[in-house]
Amino acid sequence: MTRKSAKSKNDQQRIIQQLLSIVSQVVGENPAVLHEPCFNGKEWDYVKECLDTTFVSSVGSFVTKFERGVAEYTGARYAIATVNGSSALHLALRVCDIQAGDEVLVPSLTFVATANAVCYCGATPHFVDSDEQDLGISSTCLRDYLNKIAEVRAGICVNKYTNNPIRALVPMHVFGHPADLDGLVSIAHDFNLALIEDAAESLGSFYRDKHTGTTGLAGVLSFNGNKTITTGGGGAILTDDEFIAAKARHLSTTAKLSHRWDYIHDEVGYNYRMPNINAALGCAQLEQLDEFINAKRLLFTTYKTALSGITDLAMLEEPKHARSNYWLQAIKLQKADLSFRNAILKALNDAGYMARPVWSLLHRFKQFEHCPRSPMPVAESLERKLINIPSSSNILSYNQRSRKLV
Ligand SMILES: *Cc1c(COP(=O)(O)O)cnc(C)c1O
């Protein structure tokens, strides 16, 4: 080992100790998970109402109420509630007419559900690189890349190398930070791509004045247990398009025609509708959404202030022109360094503070190895820079409480 790297190992150890002490000051309680739900509202009352009235399943007033609440909050004309975010993504792609043989542009740096949904339609995910700042699909890289590999023939964007139509673009708003929607909308327009937003992580995040998931033809939310609000499991499709909304609703309820007693289904549908008991939880959670987001934004500033003396890493901040929900807090190393990243992960987890790297890049998984992709310099470097740290919206209040006890 050279003297230089020995010195930098010592520097890294010192930084890790500083970081540990900061995280333990901010988070306080130990062990701390990455993200836990908070049920401080009317959850018990609403769920009890489901049990008392026996409306626990696919019929009941909470589903409609939840859909209305989500639509109102996001500004989408329609919201269709589903059993989870993955099924919402699948349905959104289906109703936007993604078919077998199509290619769909998705980031490699995303949760696997984004690419899985493309495969559920028989289509092929086509992976693209990310932006260094907002972690979403990079619109500058994507435009250069499409100019090289694609051309619009008779109104259809075609991959010149595979001859398959590239039908849609599915950006994802990573950790709640909005991707560059202006740039992506302009690409979708120029290459005639359907824009479908995976906004699973970004309920409560706005790009300029518009809620994420409401810019494209359709958008998707998730209410999984680790998301900003939860219905246990759940998701929603957002759209302003009346036809897409009606089709999504129809397909999510086994494509059954409404009739007083007959079972008539006019195509192959799905059992994807959110049950009433989950929606009851969702209605109570939605009432606390602004509170959760304020707490997450405060947690971000608290971490940021505490970390400001360390030069080798920084908190990931919301992009310009955006207001993020700060769903997951992330530390970003100044330089990509896998062994430093892993040493930090080990130290935090050993100390009882759950920390995770970003998802492994999807294009390397064996089920996606054959899929077309752009060069990935930024995503590959981000993979070695990003660490998520405890992010629950109740962290600061727990910490205050435990401090009062001392
Ligand atoms: C959570 C999430 C989903 C949906 O997940 P479900 O667990 O099916 O609700 C989809 N995409 C991304 C990026 C997610 O983080």
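Quick note: numbers below take in every heavy atom, side chains included, and nothing from hydrogens, waters or symmetry partners.
Of all heavy-atom pairs between Ser374 and Val128, the closest is OG-CA, 3.4 Å. Across all their heavy atoms, Phe55 and Asn276 have their closest contact at O-ND2, 2.8 Å. Considering every non-hydrogen atom in both Ser392 and Leu299, the closest pair reads O-CD2, 3.8 Å.
Between Tyr145 and His126, the side chains place a donor N or O and an acceptor N or O closer than 3.5 Å (distance only, hydrogens not considered). Checking Glu201 against His173 by side-chain atom types alone, no donor-acceptor pair falls below 3.5 Å. Residues Gln12 and Asp312 have side chains that never bring a donor and an acceptor to within less than 3.5 angstrom of each other. Of the N and O atoms on the side chains of Arg273 and Thr254, not one donor lies less than 3.5 Å from an acceptor on the other residue. In this structure, a donor-acceptor pair under 3.5 Å is present between the side chains of His177 and Ser324. Residues Thr162 and Glu103 bring a donor and an acceptor atom of their side chains to less than 3.5 Å of each other. In this model, no donor atom of one side chain and acceptor atom of the other lie less than 3.5 Å apart for Ser8 and Asn10. In this model, a donor atom of one side chain and an acceptor atom of the other lie less than 3.5 Å apart for Arg153 and Asn163. Checked by atom type, the side-chain pair His363/Ser108 shows a donor-acceptor distance below 3.5 Å. Inspection of the Ser138 and Asp129 side chains reveals no N or O donor paired with an N or O acceptor under 3.5 Å. Side-chain contact of Asn394 with Glu36: a donor-acceptor pair under 3.5 Å is present, judged by distance alone.
With rounding to the nearest 0.5 Å, the separation of CD1 in Ile166 from OG1 in Thr124 is 11.0 Å. With rounding to the nearest 0.5 Å, the separation of CD in Glu287 from CD1 in Ile229 is 10.5 Å. With rounding to the nearest 0.5 Å, the separation of OH in Tyr78 from CZ in Arg68 is 13.5 Å. In this structure, CG on Leu34 lies 14.5 Å from OH on Tyr353, to the nearest 0.5 angstrom. With values rounded to the nearest 0.5 angstrom, Arg323 atom CZ is found 7.5 Å from Ile293 atom CD1.
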| message | Quick one, Tyr270 with Tyr120, criterion ring-ring contact (aromatic ring centres under 6.0 Å, His included). Give me CA distance, side-chain angles, the key distance, then yes/no. | response | CA-CA 12 Å; Tyr270 307 89; Tyr120 300 159; 9.5 Å; no
| task | Test side chain to side chain donor-acceptor pair (under 3.5 Å) on Asn84 and Ser87 and set out the steps. | result | CA-CA 6 Å; Asn84 52 45; Ser87 57; 3.0 Å; yes
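Legend: residues meeting side chain to side chain contact (heavy atoms under 4.5 Å, CB included) with Gln18, ordered by chain and number and at least two apart, are Arg14, Ile15, Ile310. Leu281 pairs by the side chain to side chain contact (heavy atoms under 4.5 Å, CB included) definition with Phe39, Glu43, Val47, not counting sequence neighbours.
Atom CD of Glu267 has more than 12 neighbouring heavy atoms from other residues, nucleotides or ligands inside a 6.0 Å radius. Within 6.0 Å of the CD atom in Glu132, the count of heavy atoms belonging to other residues, nucleotides or ligands exceeds 12. In Arg249, the CZ atom is crowded: over 12 heavy atoms of neighbouring residues, nucleotides or ligands sit closer than 6.0 Å. Surrounding NZ of Lys256 are more than 12 heavy atoms belonging to other residues, nucleotides or ligands, all under 6.0 Å away. The number of heavy atoms from other shown groups lying within 6.0 Å of NZ (Lys160) is above 12. Environment of NZ in Lys65: crowded, with over 12 heavy atoms of neighbouring residues, nucleotides or ligands closer than 6.0 Å.
Inter-residue side-chain proximity for Phe300 and Glu318 is flagged as unmet; no heavy-atom pair is nearer than 4.5 Å. Tyr272 places a side-chain heavy atom less than 4.5 Å from the side chain of Leu91. Pro275 places a side-chain heavy atom less than 4.5 Å from the side chain of Val83. You'll find the side chain of Ile156 stays beyond 4.5 Å of the side chain of Asn192, heavy atoms only. Side-chain contact between Leu195 and Val185 is present, with at least one heavy-atom pair separated by less than 4.5 Å. Between Ile344 and Leu333 there is a side-chain heavy-atom pair separated by less than 4.5 Å.
Ion pairing of Lys320 with Asp134 is absent here, as no side-chain N (NZ or NE/NH1/NH2) approaches a carboxylate O to less than 4.0 Å.
Note that Lys385 lies outside the cation-pi zone of Phe340, set by a 6.0 Å cut-off to the ring centre and a 45° limit from the axis.
Checked options Asp131, Val106, Leu142; the residue passing with Ile137 is Leu142 (criterion: side-chain contact (heavy atoms from CB on, under 4.5 Å)).
With ring centers used as reference points, Trp359 lies under 6.0 Å from Phe175.
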